[in-house]
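Written out below as structure tokens is the structure these notes cover.
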Amino acid sequence: MIPDELNASQREAVSHEGGPLLVLAPAGSGKTRVVIARLLYLFDRYGWTDDRILAVTFTRKAAREMLQRIAVFRPSFRPPWVGTFHSVAARMLRQHAGRIGLPKEFTIVDAGDQRQMIRDLVESSALSERDHDPKGVLSRISQWKTTGISPDEAEKTSFGPFRAQAALYREYQERLDLQKALDFDDLLVRLTELLQKEEEVRSFYQEQFEHILVDEYQDTNAAQETLLRLLSRDRKNVTVVGDDDQSIYRFRGADVGHILSFPKEYPQARRIVLSMNYRSTRSIVGAASSMISASLSRFRKEMSSTGRSGEPVLLKQLDHERDEARFVAERILKRVAEGGSFRDQAVLFRMNAQSQPFIRAFGDRGIPFQTRSGADGFFTRKEIRDLLAYLRVCANPFDRVSLFRILNVPPRGFGDKTRQKLEHLSAESPLPASLLLEALSRDLGGKSGEVALRLSEDLARGATMVQDHGVPSSLLSFWLARTGYEDYLADSDEPGGSSRSRLENLAEFLRMSERFEQGKAFDKDRMPVGVFLEELALSQEDPGDPGAGEMPDRVSLLTIHQAKGLEFSHVYLTGAEEDVIPMKSRERTDVEEERRLFYVAMTRARDSLAITYCLTRQLFGRTDSQKPSRFLLDLPKEAVSGDRPVMRAVPFPAHDRPSPPARPPESGRQSPSRSLRVTGEPRPSSPVVSNPDPKPAALPRPEWVGKSVVHPRFGKGVVESASGAGGDLELTIRFEGTGVKKLLEKYSNLSLSE
DNA sequence: GTCCTCGCGTTTTTT
DNA sequence: ACGCGAGGAC
């Protein structure tokens with residue numbers, strides 16, 4: 001069952017028996033192959049007919065790939081517990097919805113709905129939207145939720161501007177609860193609560209799952225981590241696979257600490273490092289590894305490469321982003337002239353705004369390209385969201401966001417007055433939509449009363465269709481007919497003939513629903529409309545790209561984030577400048593994460609990598625003069641060619657260095673004679689190894705305080721205080737160059753300087 | 001209600 | 001540079 005083509009450590013990872021397992025799988029190390037092989041191995045081991053294996057990923061794409069690969073081996077086998085964290089959680093929650101007071105067809109609200117809810121709340125409170133932009137509020141709420149902080153706790157512990165946000169959090173949650181709706185975070189949080197509260201359910205799953213596999217473990221947030229522990233009996237039977245160096249989603253709650261502390265918390269865990277790179281040339285592997293090794297908190301890994309040495313990584317300095325685009329365009333054409341293809345090449349940048357010059361340059365030269373548009377997806381279109389709202393209010397008659405969305409769309413003569421009346425009614429009595437509208441109808445009387453009554457009846461009928469296991473396409477047709485939605489679109493002539501494209505979207509949506517229904521055997525206990533809505537809510541994929549078929553022969557223009565998990569023969573990493581990568585941000589820039597981002601970008605390349613930086617760049621309407629990215633300084637001479645930026649004496653650019661540090665009393669002489677390597681990281685028992693230097697045990701906590709230390713990147717500093725103990729000893733250090741930082745002692749690579 | 005103008009802020013993105 | 005949202009004018 002274990003494929004022959006695996007190397008020794010890969011095989012070891014695949015066939016590991018018993019106990020927690022951490023597989024460190026750097027870029028290009030054959031991670032996917034190992035994950036799939038291990039899954040197949042586990043199914044073999046624990047039975048293909050049972051639900052004994054839980055495998056979770058972060059993206060639909062990864063989940064789909066797992067399922068497809070499994071299907072190759074057992075075409076008829078559909079493992080029920082392979083999916084994204086969220087889809088698995090939704091499945092479990094629906095199974096036990098009653099226990100937490102939810103109907104089976106609870107709504108999953110998406111980002112658009114969340115935004116709308118927050119805006120409504122901000123509007124109805126005395127707060128100004130200025131200080132409470134929905135995005136900021138939502139990300140705060142998400143932070144609270146995923147770290148297990150309830151609205152009450154948030155209100156108790158927040159001050160200043162956060163106080164108001166905590167109040168919004170409470171109202172937002174109340175509103176969700178009232179409508180029997182969950183947001184994405186709730187899927188994890190509510191399931192966690194359920195498992196904690198209901199011993200029966202907990203042990204049911206704990207016993208069911210012989211083994212749990214988590215992919216991209218470095219991306220877990222606190223909620224997912226908690227969930228994982230619950231399901232895996234404290235991770236006794238778990239395989240986590242990931243790469244700490246590729247953790248680039250901190251801004252959305254991912255915490256690289258989970259993977260880093262895994263061996264600490266589970267000393268009995270096996271750790272396997274896949275250290276052979278199969279993807280890239282030796283130049284690329286060498287350059288990338290030495291760049292990332294300057295990282296502060298990471299497992300030390302040494303990569304070897306099976307590849308040929310290849311051409312050196314090319315550094316190229318340009319005057320302006322237009323020159324940069326031109327340079328890249330010419331190089332792409334050259335590769336093609338040499339027999340390469342467009343689809344094998346990718347231009348990477350830190351932010352979407354950088355893509356413009358490339359789009360122009362490629363257009364001028366007739367280079368075919370594709371961008372992965374972000375927010376302008378199919379499912380953010382008004383007409384699609386309207387129709388979805390109709391479906392949702394039928395599936396879950398308590399879904400108020402959807403009800404209010406469709407209330408006067410198409411216009412049926414309901415104005416602000418009616419809306420307010422309905423809001424009052426809704427607040428007074430939590431009724432299903434049809435009954436609510438009936439009450440409204442009585443309230444209004446007259447002509448608008450009749451309109452309300454008609455809508456009420458339609459809603460009741462729609463809800464019945466859902467209950468009777470009607471399929472989405474019939475429900476859609478029903479609503480299109482009852483509302484005259486198509487006429488409404490056709491009549492609303494907007495500039496640019498967009499009503500035409502809206503009608504086309506509508507038709508596409510209808511086709512999508514039909515495709516969904518085809519050849520599908522629905523569970524008897526699930527409503528088809530519910531399943532349809534859940535799939536859409538959890539995927540948000542454009543129907544146009546089912547991932548099947550040949551990739552068109554085009555150059556990819558991608559942000560580094562979008563490029564994660566992909567690989568190309570030729571990669572152009574552009575805008576390698578200070579304030580671009582690492583990016584300047586309002587809040588404190590997380591240079592560590594930016595470095596990992598740079599690493600992810602570099603390691604996308606198989607055969608060649610060119611890194612470009614400009615002396616000036618127009619950004620946000622202003623032309624700035626730029627400095628080369630500090631990350632370029634960590635590229636080894638022997639692996640690169642071209643315009644190497646000049647080494648600086650200081651590892652950080654001047655503007656990054658804060659005011660002269662408050663120097664604590666110097667203790668005598670300053671000789672770095674005694675240099676002590678201190679790290680608490682256990683030696684890996686894996687085939688390949690990290691840093692061979694033997695290390696003395698960590699200093700006990702009080703020993704550190706007041707010591708002068710030297711850090712490889714931050715330079716000299718003094719330990720101000722220490723907290724935590726053992727492996728979690730955290731030191732607060734005031735560095736001369738960079739101010740106060742908190743470092744985990746075990747990863748800090750500190751030397752004592754006396 | 002709707003149109004226009006002014007001012008501000010500006011990453012990364014999945015589920 | 002540009003888009004979006006708030007707020008004023010009609």
Side-chain angles (χ1 to χ4, degrees), chain A residues 56-64 83-91 93 108-115 119 122-123 127-136 138-139 142 145-146 182-189 191 215-216 219-221 223-224 227 246-254 321 348-357 372-377 379-380 408 411 415-417 533-541 558-565 575 579-590 593-594 596-598 600-601 617-624:
Chain A
V56 283
T57 62
F58 284 83
T59 63
R60 303 278 290 189
K61 212 170 121 196
R64 203 174 354 169
T84 62
F85 263 105
H86 291 87
S87 68
V88 162
R91 191 185 181 103
L93 278 173
I108 299 172
V109 302
D110 61 29
D113 301 328
Q114 289 183 297
R115 217 175 116 95
R119 290 174 76 150
V122 170
E123 200 184 331
L127 304 164
S128 74
E129 186 147 338
R130 250 200 148 40
D131 312 319
H132 297 279
D133 76 298
K135 232 176 40 198
L138 281 166
S139 91
S142 175
K145 281 194 179 187
T146 52
L182 305 190
D183 64 19
F184 287 123
D185 293 325
D186 284 336
L187 290 173
L188 308 172
V189 172
L191 178 60
D215 193 15
E216 304 280 12
D219 288 332
T220 37
N221 67 28
Q224 288 158 333
L227 196 50
Q246 293 186 70
S247 171
I248 56 172
Y249 283 111
R250 200 178 115 142
F251 67 91
R252 62 176 208 222
E321 73 264 16
L348 307 189
F349 31 79
R350 175 67 237 265
M351 52 189 157
N352 286 117
Q354 288 168 252
S355 67
Q356 279 315 309
R372 283 243 298 255
S373 47
D376 58 338
F379 291 100
T380 58
N408 201 35
D416 240 16
K417 277 272 166 54
L533 289 174
E534 177 171 313
E535 280 199 13
L536 292 187
L538 293 181
S539 80
Q540 304 280 315
E541 277 170 337
L558 301 165
T559 66
I560 301 172
H561 285 92
Q562 291 166 339
K564 180 158 180 238
D579 296 347
V580 175
I581 182 166
M583 168 163 276
K584 183 168 62 180
S585 73
R586 259 189 299 108
E587 312 262 303
R588 256 195 64 70
T589 296
D590 185 345
E593 176 128 332
E594 298 286 321
R596 294 191 291 260
L597 215 35
F598 202 86
V600 167
R617 175 176 297 274
Q618 199 181 68
L619 212 49
F620 308 132
R622 198 199 287 343
T623 302
D624 294 323

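If you're wondering where the values come from, they're calculated on a predicted model, not measured in any experiment. Excluded from the calculations below are hydrogen atoms, water molecules and symmetry mates; all remaining heavy atoms, backbone and side chain alike, are included. Chain letters run A, B, ... following the sequence lines, proteins first, then strands; residues in each count from 1.
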Return the set of residues passing side-chain hydrogen bond (donor to acceptor under 3.5 Å, both in side chains) with Glu535(A) (not counting sequence neighbours), or none when no residue passes.
Lys520(A)
Give one of base, sugar-phosphate or nothing for Asn352(A), where a contact means two heavy atoms less than 4.0 Å apart.
sugar-phosphate
Output a table of nitrogen or oxygen pairs between the protein and nucleotides 1-4 of chain C separated by less than 3.5 Å.
residue	atom	partner	partner atom	Å
dA1(C)	N6	Phe620(A)	O	3.3

Whole-angstrom distance between dT13(B) and dC2(C), as gauged at atom C1'
22 Å
Do the side-chain N and O atoms of Ser142(A) and Ser139(A) include a donor-acceptor pair separated by under 3.5 angstrom?
no
Touch class at under 4.0 angstrom, heavy-atom based, for Met583(A) against every strand present
base
Distance in angstrom units between Asn221(A) CG and dT12(B) P, rounded
21 Å
Hey, does Gln618(A) have a side-chain heavy atom less than 4.5 Å from the side chain of Glu321(A)?
yes
Atom of Asp215(A), atom of Phe58(A) and distance for their closest heavy-atom approach:
O-CE1, 3.3 Å
Would Phe251(A) pass as stacked on dT12(B), i.e. its ring centre under 5.5 Å from the base's six-membered ring centre and planes under 30° apart?
yes
For the pair made of CZ in Phe349(A) and P in dT12(B), what is the distance, rounded to whole Å?
10 Å
For Glu216(A), what residues pass the salt bridge (charged side-chain N to carboxylate O under 4.0 Å, His left out) criterion, not counting sequence neighbours?
Lys31(A), Lys564(A)
Between dT13(B) and Thr559(A), is there an OP1 or OP2 to side-chain N/O distance shorter than 4.0 Å?
yes
Where the side chain of Arg252(A) is defined as all heavy atoms beyond and including C-beta, which of dT13(B), dG5(C), dT15(B) is the nearest nucleotide?
dT13(B)
Nearest whole Å is fine: how far is dT14(B) P from Gln114(A) CD?
15 Å
Over how many whole Å does the gap from Arg350(A) atom CZ to dT10(B) atom P extend?
14 Å
Residues Ile581(A) and Leu597(A): closest non-hydrogen pair is CD1-CB, 4.2 Å
Between dT11(B), dT15(B), dG5(C), which nucleotide has the shortest distance from any of its atoms to the side chain of Glu594(A)?
dT11(B)
Gap between atoms NE2 and C1', on His86(A) and dT14(B) respectively (whole Å)
8 Å
Separation of dT13(B) C1' from Asp219(A) CG (nearest whole Å):
11 Å
In whole angstrom, what separates Leu538(A)'s CG from dT13(B)'s P?
20 Å
What integer distance in Å separates Arg250(A):CZ from dT11(B):C1'?
14 Å
Does the plane of the ring in Tyr249(A) sit parallel, tilted or perpendicular to the ring in His561(A)? Use 30° and 60° as the thresholds.
tilted
